[in-house]
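Position 1 is the first residue of the sequence; numbering continues from there.
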Amino acid sequence: MRSFRFAAPAAVFLAVSVTLATFFGMKVSDPPGMQMKTFADAFLQTLDEKQVAQATMDYDSAERVAWHFIPMPTRKGLVLKEMNTAQRTAALRLLRSALSEAGYSKASKIMLLEGVLRQLEGPGSETRRDPQKYYVTIFGTPSDSDPWGLSFEGHHMSLNFSCRGGELVDSSPQFFASNPAKIMTDVEGPLGKGTRVLREEEDLGFELVNSLNDTQKQAAVIAEEALAEIRFAGEAQPKVGEPEGIPFDKLNAKQAELLKKLVGVYADAVPEKTSRARRDLIESNGWSSVYFAWAGALKPGVGHYYRIRGKDFLIEFVNTQADASGNPANHIHCVWRDLTGDFDLPIE
């Protein structure tokens, strides 16, 4: 392994406090939308005129619903790399206000994985793999009444938030990915060998599918080979058909709890009030409307995929690609979609 040193500013990803109420006189009881407005205003105040122009767009801009997670030379918004330390910290505090502690931990580690990829891929990947190549965009003017939005995006992460009436009313598409899914070798930096950023998403899926009996598996397994990718990547709204797989009511009590726990891993990436709203909507629609579907191998190291579909949400998980060192099925993509309308948009 060649020598590699993380740039000092990268440490700020993990250093942003998980306790936001100590800043700006904020109350713990303030809803996520109000906290986001406070931190959005604070972030914008750190920027100069040119940076503000880069970091802001009209709420109705087509860029608000243009999302993706693939590597790109540049993206909408203002990149962390072009911020000073104070600006970068303010940007990450804004992101932290839009996520739970668990969600922010995943986001920060996914950014740091870019440094791991830089080591694994070697010379020539410095521009392509950069832990500070993540972009912040604020759509509209942060407000307690008018709609506004936030995008935080880069390779392997796209987080999109819509606020209205002082409330965080939508928090999807919510996309996280991890390459490597498990760091197999010794690397320099904050993430060590054995790190699995999306461990629960994978392990709970395997635990659930392997708990099914033969009859249940016949219903749950929709294909012998895993899908190559999540569906609807980059699309403003997923165009789903009828649900596939095994319905919740066909699971035993232990399996049902496993499925609820797996859904919770995705739902709980956002602040508690928003997560609770996600869970309440599922309860209101009834767990009987939720389906679990699997495709591909039933063990790690071979391509596997699952989706969880309810009336109001869609989860997809895929691990089929090799990592940067060639280890098979060690590269995860996973997403939460809002079937009532991503980006706080009505369903067409």
Tell me whether L208 shares a hydrophobic cluster with V302, the cluster being built from Ile, Leu, Val, Met, Phe, Trp, Tyr side chains joined at under 4.5 Å.
no
Here's one to test your reading of the geometry: is the NZ or CZ of R93 within 45 degrees of the ring axis of F43 and under 6.0 Å from its centre? no
Taken in chain and number order and not counting sequence neighbours, the residues that satisfy side chain to side chain contact (heavy atoms under 4.5 Å, CB included) with A40 are L94, I138, P142, W148
K311 meets the salt bridge (charged side-chain N to carboxylate O under 4.0 Å, His left out) criterion, sequence neighbours left out, with none
Ignoring hydrogens and angles, write down the donor-acceptor pairs under 3.5 Å from the side chains of residues 51-58, residues two or more places apart or on other chains.
unit_1 : atom_1 : unit_2 : atom_2 : d
Q51    : OE1    : D48    : N      : 3.0
Q51    : OE1    : Q87    : NE2    : 2.9
Q51    : NE2    : E82    : O      : 3.4
Q51    : NE2    : Q87    : OE1    : 3.2
T56    : OG1    : V52    : O      : 2.6

Tightest non-hydrogen contact, residues R129 and P71, listed as NH1-CG, 3.9 Å
When rounded to the nearest 0.5 Å, the distance separating CE of M111 from CD of Q132 is 10.0 Å
**Item:** Heavy-atom check, side chain of F248 versus side chain of K260, under 4.5 Å
**Value:** yes
Using a 4.5 Å side-chain heavy-atom cut-off and chaining through intermediate ILVMFWY residues, the residues clustered with M184 come out as none
Using a 4.5 Å side-chain heavy-atom cut-off and chaining through intermediate ILVMFWY residues, the residues clustered with F69 come out as V65, W67, I70, M72, F175, L227, I230, Y305, V318, V335, F343, L345
With sequence neighbours left out, the residues meeting salt bridge (charged side-chain N to carboxylate O under 4.0 Å, His left out) with K250 are none
Practice problem: Under the side-chain contact (heavy atoms from CB on, under 4.5 Å) rule, what do E242 and Y291 come out as? Steps first, then yes or no, please. | Solution: CA-CA 10 Å; E242 293 299 315; Y291 286 70; over 6 Å; no
| request: Using the rule that two of Ile, Leu, Val, Met, Phe, Trp, Tyr join whenever any of their side-chain heavy atoms come within less than 4.5 Å, decide whether I315 and W287 are in one cluster. | output: yes
Indicate yes or no: at least one non-hydrogen side-chain atom of P131 is less than 4.5 angstrom from one of R118. yes
Exercise. Just checking, is any N or O donor in the side chain of N179 or Q321 under 3.5 Å from an acceptor N or O on the other one?
Worked result: no
Between D170 and S172: side-chain donor-acceptor atoms closer than 3.5 Å
yes
Worksheet item: Taking 4.0 angstrom as the limit, do K261 and E257 come out as a salt bridge?
Response: no
*Do V270 and Q174 have side chains that get closer than 4.5 Å, going by heavy atoms?*
yes
Any donor-acceptor N or O pair under 3.5 Å, side chains R278, S171: yes
Check your understanding: Shared ILVMFWY cluster between F317 and L339, side chains joined below 4.5 angstrom?
Key -> no
Handout entry: N-O pairing of E114 and K133 below 4.0 Å
Key = no
| message | Within the 4.5 Å heavy-atom criterion, are E201 and K106 side-chain neighbours or not? | response | yes
**Asked** Do F313 and I308 have side chains that get closer than 4.5 Å, going by heavy atoms?
**Response** yes
Quick note, side chain to side chain donor-acceptor pair (under 3.5 Å) partners involving residues 214-225, not counting sequence neighbours, are Q216-Q255
Any ion pair linking R337 and E316 (charged N to carboxylate O, less than 4.0 Å)? no
Residues at least two apart in sequence or cross-chain that pass ring pair (Phe, Tyr, Trp, His ring centres under 6.0 Å) with H155, listed by chain then number, are none
Here the pair of heavy atoms bringing A256 nearest to L251 is N-CB, 3.9 Å
Look at the aromatic rings of Y266 and Y306 and report parallel, tilted or perpendicular, splitting at 30° and 60°. perpendicular
Output for pair (D344 CG, L168 CG), nearest 0.5 Å, gives 9.5 Å
Discussion item. Please say yes or no: joined through hydrophobic side-chain contacts below 4.5 Å, possibly via intermediate residues, are L150 and Y104 part of one cluster?
Written reply: yes
Looking only at heavy atoms, the pair that brings T137 and G77 closest together is OG1-CA, 3.1 Å
Contact between V116 and P180 at the side-chain level, heavy atoms closer than 4.5 Å - yes or no? yes
By side chain to side chain contact (heavy atoms under 4.5 Å, CB included), A293 pairs with (sequence neighbours left out) I222, R307
Sorted by chain and residue number, the salt bridge (charged side-chain N to carboxylate O under 4.0 Å, His left out) partners of D268 (sequence neighbours excluded) come out as R279
T340 meets the side chain to side chain contact (heavy atoms under 4.5 Å, CB included) criterion, sequence neighbours left out, with L281, D312, D338
Tell me whether the rings of H331 and H333 are parallel (<30°), tilted (30 to 60°) or perpendicular (>60°). perpendicular
**Message:** If you count heavy atoms of other groups shown closer than 6.0 angstrom to CZ of R164, is the number above 12?
**Reply:** no
Value for CE (M36) from CD (E167), rounded to nearest 0.5 Å, stands at 11.5 Å
In this structure, CD of E200 is separated from CD of E207 (nearest 0.5 Å) by 11.0 Å
- Query: Below 4.5 Å, heavy atoms only, C-beta onward: do D203 and R196 meet side chain to side chain?
  - Reply: yes
When you check the gap from the basic side-chain N to the acidic O, do D60 and R64 get nearer than 4.0 Å? no
- request: Would you indicate whether the side-chain heavy atoms of L99 and F161 approach each other to under 4.5 Å?
  value: yes
Excluding Y135, membership of its hydrophobic cluster (Ile, Leu, Val, Met, Phe, Trp, Tyr; side-chain heavy atoms within less than 4.5 Å) reads V79
Would a hydrophobic clustering, with Ile, Leu, Val, Met, Phe, Trp and Tyr connected at side-chain separations under 4.5 Å, put V263 with L314? no
Assess the residue pair S151 and K76 against the criterion (side-chain contact (heavy atoms from CB on, under 4.5 Å)); give the C-alpha distance rounded to whole Å, side-chain angles, the decisive distance to 0.1 Å, and a yes or no. CA-CA 9 Å; S151 163; K76 64 191 176 189; 3.5 Å; yes
